[in-house]
Structures are given as structure tokens and as C-alpha cells.
> 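Got a structure for you, questions after.
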Amino acid sequence: MAAIGAGSVEAAGVQLPAVDSWPRQLALAILGSALFGLGFLERSEDNEDAPMNTRDTDSFPSPTPRPRLSSRFTGRIALLANIAGFLAEHGRVSLVGLGGIGKTQTALAYIHRNRSSYDLICWVRAEESVTLGNDYMEIARMYGLTIPDGLPVVQKIDTVRNWLETQNRLLLVFDNADSEEILDSYIPTSGHVLITSRESAWRDSRVVIVPPWTRDESLEFLAPNHAEAEAASSLASYLGDLPLALDQASAYMRETSTSVTDYLSLLKERTSEVIALGSVANYPRTISTTWKVAMEAAQARVPVTQDLQRVASFYASEGIPHSLMRTMAPSSPRRMRALANDRIAYNRALGQLSRYSLAQINQDELTFHRLVQLMIRQSMTSSDRRRWAGVSVELMRIAFPEEVSNSSSWSRCAALLPHALSSAGHAEGLGISLRDVSLIYERVATYFRVQGLYPESLEIWEKLEAILRRPHDFMRPDLSDVLNSQGMVLRARGLLNRAKSVLEESVRIQEESRGDRHPRVAVSLNSLGTVLRGLGLLEEARECHVRALLIDQTSLGSDHPNCAVTLNNLGNVERVLRNPGEAVRSHTRALRIREETLGPDHPDVGTTLNNLANAQADLGDFGGARLSAERAVRIDTQVFGDRHPAVAADRIGYGIILCEHGETSAAERELEAALNVNEVAMGPEHADTGVTLNNLGVVKARKSQHQESRVFLEKAVQILETSLSPDHVDVSVALSNLSASLQAIGNTGSVAVGARARAIWLASGADDSLPIPEWLRLDKDVATAEVELEQDLH
């Protein structure tokens with residue numbers, strides 16, 4: 001109080017002029033005491049650990065009305081900590097993000113959490129130049145700065161800024177700022193400055209992207225009852241975990257007593273209307289209004305931004321490659337076609353999308369919030385929706401690689417894959433551009449199959465089949481070719497009876513449309529033969545392959561790659577029929593053709609080497625078998641990586657060969673690696689998993705670990721009986737191995753198991769004089785042609 005007696009007052013960091021008369025000094029002393037008390041009270045209430053979901057009743061010096069921190073604010077703990085750290089380091093932070101993402105609430109939460117760090121906190125509304133200037137001048141009026149009315153505006157701003165620079169522990173917040181240029185003259189050189197903006201380009205401040213909530217934060221906010229927890233999670237997913245959208249949803253549900261389930265159903269039916277409903281405290285606009293204003297502003301500056309947003313609304317929300325957005329298509333509007341060859345014009349459009357936070361942009365791609373995309377799609381008229389969906393799917397058909405079996409295209413395929421599925425799905429739903437949709441589905445399904453993603457591949461083949469069974473006016477893809485590919489994926493999944501039915505129809509359609517000596521007929525016959533072999537119908541399988549080989553040699557020549565496919569499959573049948581010499585001859589000839597036509601390191605060469613190794617082992621040539629198997633593993637691992645079913649199949653054959661060389665520990669490692677892949681890629685109940693378990697059981701027996709061997713073999717028998725049939729020849733092999741393990745541990749059940757194995761073996765047509773060797777492998781040769789047939793086809 002000594003300072004007051006001397007004729008001056010300093011409170012809350014503000015210096016007031018001296019007063020000479022004692023009545024005024026007394027009044028001023030009373031005022032000073034009040035201000036001092038308020039300042040002390042404010043600081044005494046500061047608590048960094050105060051819960052963030054309490055009502056925002058904190059008072060801090062603010063010259064203008066400010067939003068209030070929501071009583072239901074939740075989460076953002078790491079983000080708030082980052083803001084504090086960046087302000088301490090840089091002094092200036094810009095919170096950037098889509099309208100409705102929660103930038104303002106995050107700034108308010110930062111103030112609530114860190115009030116004790118500041119003596120002066122000022123909040124300035126920066127959305128418009130008028131409110132920016134008025135709020136800034138209000139700082140002067142509130143703190144008693146004398147600014148002559150006649151001064152130019154620039155000098156008034158300078159006066160306030162200079163005064164702010166003299167204050168200790170200052171926090172100045174500019175809320176909803178449009179651009180850095182507008183704020184330049186207002187920002188002091190000292191203290192902390194926090195900016196919220198949709199604009200992402202801030203040169204002189206640390207930019208912090210405000211993300212959507214995590215799913216846990218969204219659910220904490222919605223606080224659903226147990227019965228609606230799943231619906232609440234679906235709602236959060238549909239709204240992209242956007243805070244304002246969830247706040248509006250919550251408000252609407254409270255106002256109308258609507259359940260989460262009913263709100264979600266209504267939202268999906270009428271998204272653009274529903275997200276305009278629900279009044280939210282502390283936010284002057286609904287989310288739809290916020291985005292509409294931003295979209296109109298961007299379009300007014302650069303009209304082509306509207307075209308980009310409409311096309312992008314039919315793609316997946318994340319990671320849309322710039323190369324896709326700049327692809328040239330005949331159906332593209334003129335404004336978009338101009339962007340293909342004008343990078344500056346494209347960058348100008350991106351600048352507007354970034355400026356209004358309608359998209360996040362980096363060097364390679366741009367990302368839209370999925371709710372923005374929903375809004376854009378549903379705001380279009382029906383005819384516009386069909387038009388722009390058609391543009392998006394045509395661009396995708398041009399952009400998605402045709403040669404998806406070529407490993408050099410895989411990174412491009414992976415980048416475009418979610419957008420291909422999204423655009424094709426929208427177009428299919430609208431019943432438009434079905435030729436483009438079909439070509440995209442064909443490439444995507446083939447890509448999935450080559451990658452060993454068989455369930456995903458099958459789903460797309462079935463979608464494509466459904467389209468091609470409708471009346472249509474385009475020739476490609478052909479239904480019989482699609483059925484052939486679908487059949488091979490069914491085979492890879494172990495669904496052999498379904499595969500047989502599908503492939504028989506493919507052969508029939510091919511013969512009816514092309515005649516019984518056409519190369520396409522040979523392709524379908526070849527595929528059918530591999531399935532018949534898997535079903536144990538060996539003579540029928542051999543007949544299919546022999547017929548296919550005759551067609552290929554007559555129509556294409558004896559050294560054509562299609563002949564290699566057929567020879568490969570024929571060799572596998574001969575091997576199961578216990579003709580290892582014929583099997584080796586077929587595989588050797590197939591290997592020569594493939595090395596000459598495809599090169600020595602092609603994955604089809606790896607497939608043939610794996611099959612050749614199995615046949616060489618059957619002949620007792622374990623040295624040659626080992627060399628072939630090692631090369632197969634090396635080629636396929638180099639192409640596919642070590643988590644692909646093709647590599648698992650190679651490792652099975654290699655593991656058994658190592659076992660025959662007495663290297664049981666190395667064999668065990670190879671088979672365990674194969675089991676890990678097959679259990680994930682094919683499933684724990686798939687035949688290939690059963691095959692792997694059988695072979696592991698054999699290795700365990702070789703290591704005299706008979707109890708463990710029994711466990712593996714019993715599981716193998718169970719899987720093979722279920723996935724194939726109880727009387728399948730592969731079951732007899734697993735039973736024979738199990739009988740040997742039971743005998744080794746003195747289990748009398750070995751006799752019955754062995755008798756059943758022998759009965760199944762004889763029923764398959766096998767020669768009774770041939771014993772069932774312990775090492776007889778069920779290695780499934782990568783479903784042989786499933787990776788290669790469509791390569792040859794297309």
C-alpha cells in the first residue's frame with residue numbers, strides 16, 4: 001500500500017497515473033485494495049491439477065467477452081502439455097485444424113490449466129479485422145492507456161503493442177485468426193502468444209495440429225450407458241471423433257430424448273441435415289455452417305477447389321495422392337483438366353484448402369475429414385452426385401496399375417487401394433460407370449491375391465461376379481475369367497467343393513463361347529485340375545492337366561509360359577500318384593520355360609523350384625532337393641517378404657528336406673516360421689495349417705519328442721478332416737504319422753489309427769505294395785497356379 005500513498009497504483013501489471021488530491025487518493029486506495037485482493041484471489045485459485053471437466057468459472061483479466069470452457073471438456077492431456085512446452089521454447093504457438101476440431105476449447109483449457117503462470121491474459125477475437133481492431137483497442141481502455149483519438153490506427157495499434165511488451169508474464173490469445181499477415185502488427189515481441197486458426201501456414205510460430213479426439217476421449221464425452229456403448233463407438237467413428245460434431249449430437253439427443261442408436265440411424269440416412277441440428281453452448285455456429293462458410297470462401301478465391309473437394313469426397317479420407325488428384329480423364333471438368341499440367345495452379349488450390357483447414361496437406365498427399373466428405377456428397381443434387389462419382393472412378397481406373405502382379409507396382413497399388421475401393425463402391429451403389437468399377441475390382445482382387453490376402457480377394461471377386469451377372473454392355477472383364485480367378489482363391493482358402501463348382505462353370509462358359517480348344521479353356525481346365533487334386537480325385541485332375549497341355553502346345557507352342565503352368569500342376573499330380581520321375585521331368589521342363597521367359601528370379605520360378613524340390617526328395621535326391629528348396633525360399637522372400645503364404649509353403653518343403661539331412665533343429669525353425677504365417681494368413685483351421693502341423697509332428701518325432709509330436713499330429717488330423725474330408729488321402733498320411741508316434745510312447749491306440757490310415761490310403765487307389773513313408777509331405781505347393789494364371793491371362 002506504500003505505492004498508493006505515494007500517488008500511484010500498480011495492480012494486475014497495470015501502472016495508473018499519479019493522483020494529487022487526498023479524496024481521490026483515498027478512493028484510489030480502496031480501488032487498489034480491491035484489485036490487489038482480486039489478483040490474490042485469482043492466483044490463489046490457480047491449480048494445474050484441477051479437473052478439466054469442471055465448470056469454467058475462473059475469472060482472468062479480459063478486455064472483451066470470450067467463450068467459456070465447456071464443463072464437459074475432456075482429454076487433450078498430451079496436447080496441452082505440448083502447447084506449454086512449445087510456448088516456453090518459442091513464445092508463439094498456432095493451434096491449427098478443421099472448424100469444429102476444438103481449437104478454441106483447447107486454448108481455453110490451456111488457460112485454465114496454466115493461469116498461475118501469467119499475470120496478464122488477454123483474449124482477442126481475430127476472425128474479422130473489425131473485431132480484431134476493436135478488441136485490441138479495448139485492452140487500452142480496460143487498463144487505462146491514454147490514446148488520443150486523433151492518432152492514426154497504425155499508431156494506436158503500436159501504442160497497445162508497445163505497452164503489452166512491457167508486461168511481465170503475458171499471455172495474448174488471438175482466436176480464429178485468418179492469416180499471419182493480418183496479425184503481424186498486433187503481436188508483441190515478448191510474452192506468450194497463442195493463436196487458433198484454420199490457416200496452417202504460420203511462418204513465425206510453432207504450428208500445432210489439433211487432431212480429432214481419440215476414440216476413448218469421444219466415448220468419455222458421450223458417456224453412454226452399457227447397453228449403448230457399441231452404438232456410441234459407431235457414432236464416434238461415423239463422426240470421425242470430431243468434438244463439435246459429437247457435442248452437437250449430444251445436445252440433440254438431450255434436447256429430443258433420442259437414443260444413441262436412433263440418432264446414429266437418423267444420421268446415416270440424412271447426414272447433412274442432422275449435423276446441422278443441436279445447439280451447442282459456447283459455439284455460435286453449427287458444424288455444417290462452419291464448413292459451408294469455409295468452403296464458399298475457398299471457392300470464391302480459387303473456384304477449382306470445389307471440383308477437387310467433390311472428387312475427393314468419393315475417395316477414402318486419408319492419404320489421397322496428389323498424382324491421383326492431377327490425373328487427366330475425359331470426364332474431368334475443364335478446370336480440373338487444367339491442373340494436370342499446371343503445378344502452380346494446383347498448388348494454389350491446395351493453398352486454399354489448407355488455409356481454411358478443409359484438408360491437411362503434405363508433400364505427397366492430402367487428407368480430408370470423413371465427415372467433411374459426407375457433407376459434400378450429401379449436399380450435392382442427385383445428378384451432381386452421379387456425375388462426380390463417375391469422375392472419381394474414371395480417374396481411379398486410369399491411375400490404378402494394370403500390372404498388379406509386377407512387384408514394381410505394389411507401392412502404387414497400396415497407396416491407391418483404399419481410394420479404389422471407396423470410389424468403386426460409391427459408383428457401384430449409384431449404378432454408374434460399371435465398366436470402370438469392374439476393371440478396378442479386377443485389379444484390386446488380383447492385387448489382394450498376389451499379396452496372399454485371400455479373404456479380401458474373394459470378397460472383391462464375388463462383388464465383380466455379381467456385377468457381371470447383370471445385363472451389361474462391356475466385354476471386359478469376362479465372367480468366365482473372373483470365375484476362374486475366384487475358384488483359385490477359394491482353393492487357396494481350402495474351400496475346395498465351392499472352388500470345384502465355380503471352376504466347372506468357368507470351363508463350361510469358356511467352351512460354349514470359345515470352343516473346346518481355345519487357350520482360355522486350358523486356363524480354366526488347369527485351375528480345375530488343381531482343385532480336383534486337392535479333393536483327392538487324382539485321375540480326373542491328371543485328365544484336366546493333360547487336356548490343357550495339349551491345347552496349350554497346339555495353340556500357343558510348346559515353350560509358351562502357359563505350358564509351364566500346366567506342366568507345374570501336372571507334375572504335382574504325378575507326385576501324389578507316386579510317379580516321382582514323371583513329376584521331376586514335368587517340373588524341370590516348367591522351370592526351363594519360366595527361367596527363359598520370366599527370368600531366374602521371378603516368383604513363378606520360385607513356385608516351380610519348390611515343387612521340383614518336393615519331387616526330387618520323393619526320388620531320394622535330397623542334395624538336389626535342398627538346392628532347389630533353398631533357391632525357392634530366397635526368391636520368394638525377396639519378392640514377397642517373409643510373411644507371405646508362398647514363402648510359408650517354401651519353408652515347409654525346405655524344413656522336411658533339412659529333416660531328411662538330419663538337421664532337425666533347423667527344420668523345426670523353418671516349419672515353426674511357416675506355421676506362424678499360415679495361422680495368420682490362412683487361419684488356424686485351414687488345411688495348410690494342418691499340413692504344417694503334420695510336418696512339425698514328423699520333425700518332433702525325429703527328435704524323439706514323441707509326446708509333443710502326438711499333440712501336433714492329433715491337431716493336424718482334426719484340421720485336415722474338417723477342412724478336407726475324413727477320407728482324404730492327406731488325412732491318411734497324418735494318421736500314419738500319428739500311429740507311429742503313438743506306437744513310440746506305447747499307446748495301444750496306434751494299431752487302430754494305423755489301420756484307418758491304411759484303409760483311406762487304399763481307397764484312394766494307391767498301390768498296396770507302396771509303404772507310406774514317414775516323410776511324405778503335404779506341402780501344398782503354394783496352391784501352384786493361383787498366383788500365376790492371371791498373369792498369363794492378362
Side-chain angles (χ1 to χ4, degrees), residues 405 407 450 452 492 526 530 533 545 559-576 579-661 663 666-667 670-671 673-674 677-678 688 691-692 695 775-789 791-792:
S405 297
S407 60
V450 170
N526 208 359
T530 64
R533 174 169 61 87
H545 293 314
D559 290 331
H560 192 276
N562 279 22
C563 292
V565 175
T566 309
L567 286 164
N568 191 52
N569 293 325
L570 179 59
N572 290 328
V573 174
E574 296 291 359
R575 177 172 166 255
V576 180
N579 298 319
E582 290 297 324
V584 168
R585 280 190 286 275
S586 291
H587 291 311
T588 301
R589 184 179 163 197
L591 179 62
R592 178 186 59 80
I593 295 171
R594 284 180 161 169
E595 287 180 324
E596 291 176 355
T597 58
L598 302 175
D601 295 322
H602 193 278
D604 290 357
V605 172
T607 298
T608 308
L609 284 164
N610 179 43
N611 296 328
L612 175 60
N614 296 329
Q616 288 170 322
D618 289 349
L619 275 178
D621 178 13
F622 292 106
R626 179 170 187 167
L627 291 175
S628 296
E630 287 174 342
R631 187 178 164 203
V633 171
R634 179 183 60 77
I635 290 172
D636 285 342
T637 302
Q638 182 176 343
V639 174
F640 296 114
D642 58 5
R643 305 297 299 172
H644 193 279
V647 179
D650 295 339
R651 290 189 184 281
I652 291 173
Y654 185 37
I656 291 296
I657 291 166
L658 288 171
C659 183
E660 291 303 319
H661 274 270
E663 300 178 36
E670 293 294 324
L671 291 167
V677 172
N678 281 333
D688 285 6
V691 164
T692 316
N695 293 319
W775 46 264
L776 182 60
R777 291 169 304 287
L778 316 170
D779 29 287
K780 295 298 181 191
D781 59 80
V782 205
T784 55
E786 75 260 25
V787 172
E788 60 211 28
L789 285 178
Q791 295 174 349
D792 298 326

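Numbering starts at 1 and runs along the sequence shown. Scope of the values below: all heavy atoms of this structure, side chains included, with no hydrogens, waters or symmetry mates. Just so you know, these numbers come straight off a predicted model, no measurement behind them.
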> Can His545 and Thr530 be said to form a side chain to side chain contact (heavy atoms under 4.5 Å, CB included), step by step?
CA-CA 8 Å; His545 293 314; Thr530 64; 4.0 Å; yes
> So how far is it from Asn678 CG to Asp688 CG, rounded to the nearest 0.5 Å?
5.5 Å
> What pairs with Ala674 under side chain to side chain contact (heavy atoms under 4.5 Å, CB included), at least two apart in sequence or on another chain?
Ala648, Arg651, Ile652, Thr692
> Taking all heavy atoms of Ala667 and all of Gly655, pick out the closest pair and write down the distance.
CB-O, 2.9 Å
> Looking at Pro580 and Ala615, what are the two nearest heavy atoms and their distance?
CB-O, 4.2 Å
> For Pro561 and Thr597, which heavy atoms make the closest approach, and how far apart are they?
CG-OG1, 4.0 Å
> For a 4.5 angstrom cut-off between non-hydrogen side-chain atoms, does Asp604 reach Asn568?
no
> Just by modelled atom types, is the Gly452 backbone N or O under 3.5 Å from a matching donor or acceptor in the His644 side chain?
yes
> Mind checking whether His587 and Leu591 have side chains closer than 4.5 Å, heavy atoms only?
no
> For Asp642, check salt bridge (charged side-chain N to carboxylate O under 4.0 Å, His left out) against everything at least two apart and list the hits.
none
> Closer than 4.0 angstrom, basic N to acidic O: yes or no for Arg634 and Asp650?
no
> Ser586 versus Arg575: any side-chain heavy-atom pair under 4.5 Å?
no
> State which residues pass side chain to side chain contact (heavy atoms under 4.5 Å, CB included) with Glu582; sequence neighbours excluded, sorted by chain then number.
Glu574, Asn579, Arg585
> Might you point out which heavy atoms bring Ala629 and Ile657 nearest each other, and give the distance in Å?
CB-CD1, 3.9 Å
> Between Ala583 and Gly571, which heavy-atom pair has the shortest distance, and what is it?
CB-O, 3.2 Å
> Before giving the answer on side chain to side chain contact (heavy atoms under 4.5 Å, CB included), spell out for Arg592 and Asp559 the whole-Å C-alpha distance, their side-chain angles and the decisive distance to 0.1 Å.
CA-CA 9 Å; Arg592 178 186 59 80; Asp559 290 331; 3.1 Å; yes
> Would a 4.5 Å heavy-atom cut-off, applied to side chains only, mark Val677 and Val647 as touching?
no
> In Å, rounded to the nearest 0.5 Å, how long is the span from OG of Ser405 to NE2 of His602?
7.5 Å
> Taking only residues two or more places apart in sequence or in another chain, which ones pass side chain to side chain donor-acceptor pair (under 3.5 Å) with Thr566?
Asn526, Asp552
> Which heavy atom of Gly653 sits nearest to which heavy atom of Asn614, and what is that distance?
CA-OD1, 3.9 Å
> Does any non-hydrogen side-chain atom of Ile635 lie less than 4.5 Å from one of Arg631?
yes
> Only one of Thr608, Thr607, Leu609 clears side chain to side chain contact (heavy atoms under 4.5 Å, CB included) with Val605; which?
Leu609
> By side chain to side chain donor-acceptor pair (under 3.5 Å), which residues pair with Arg643, not counting sequence neighbours?
none
> About how many Å separate CD of Glu670 and OH of Tyr654, when rounded to the nearest 0.5 Å?
6.0 Å
> Which pairs count as salt bridge (Lys or Arg N to Asp or Glu O under 4.0 Å) when at least one residue sits in residues 619-628, sequence neighbours excluded?
Arg626-Glu630, Arg626-Glu663
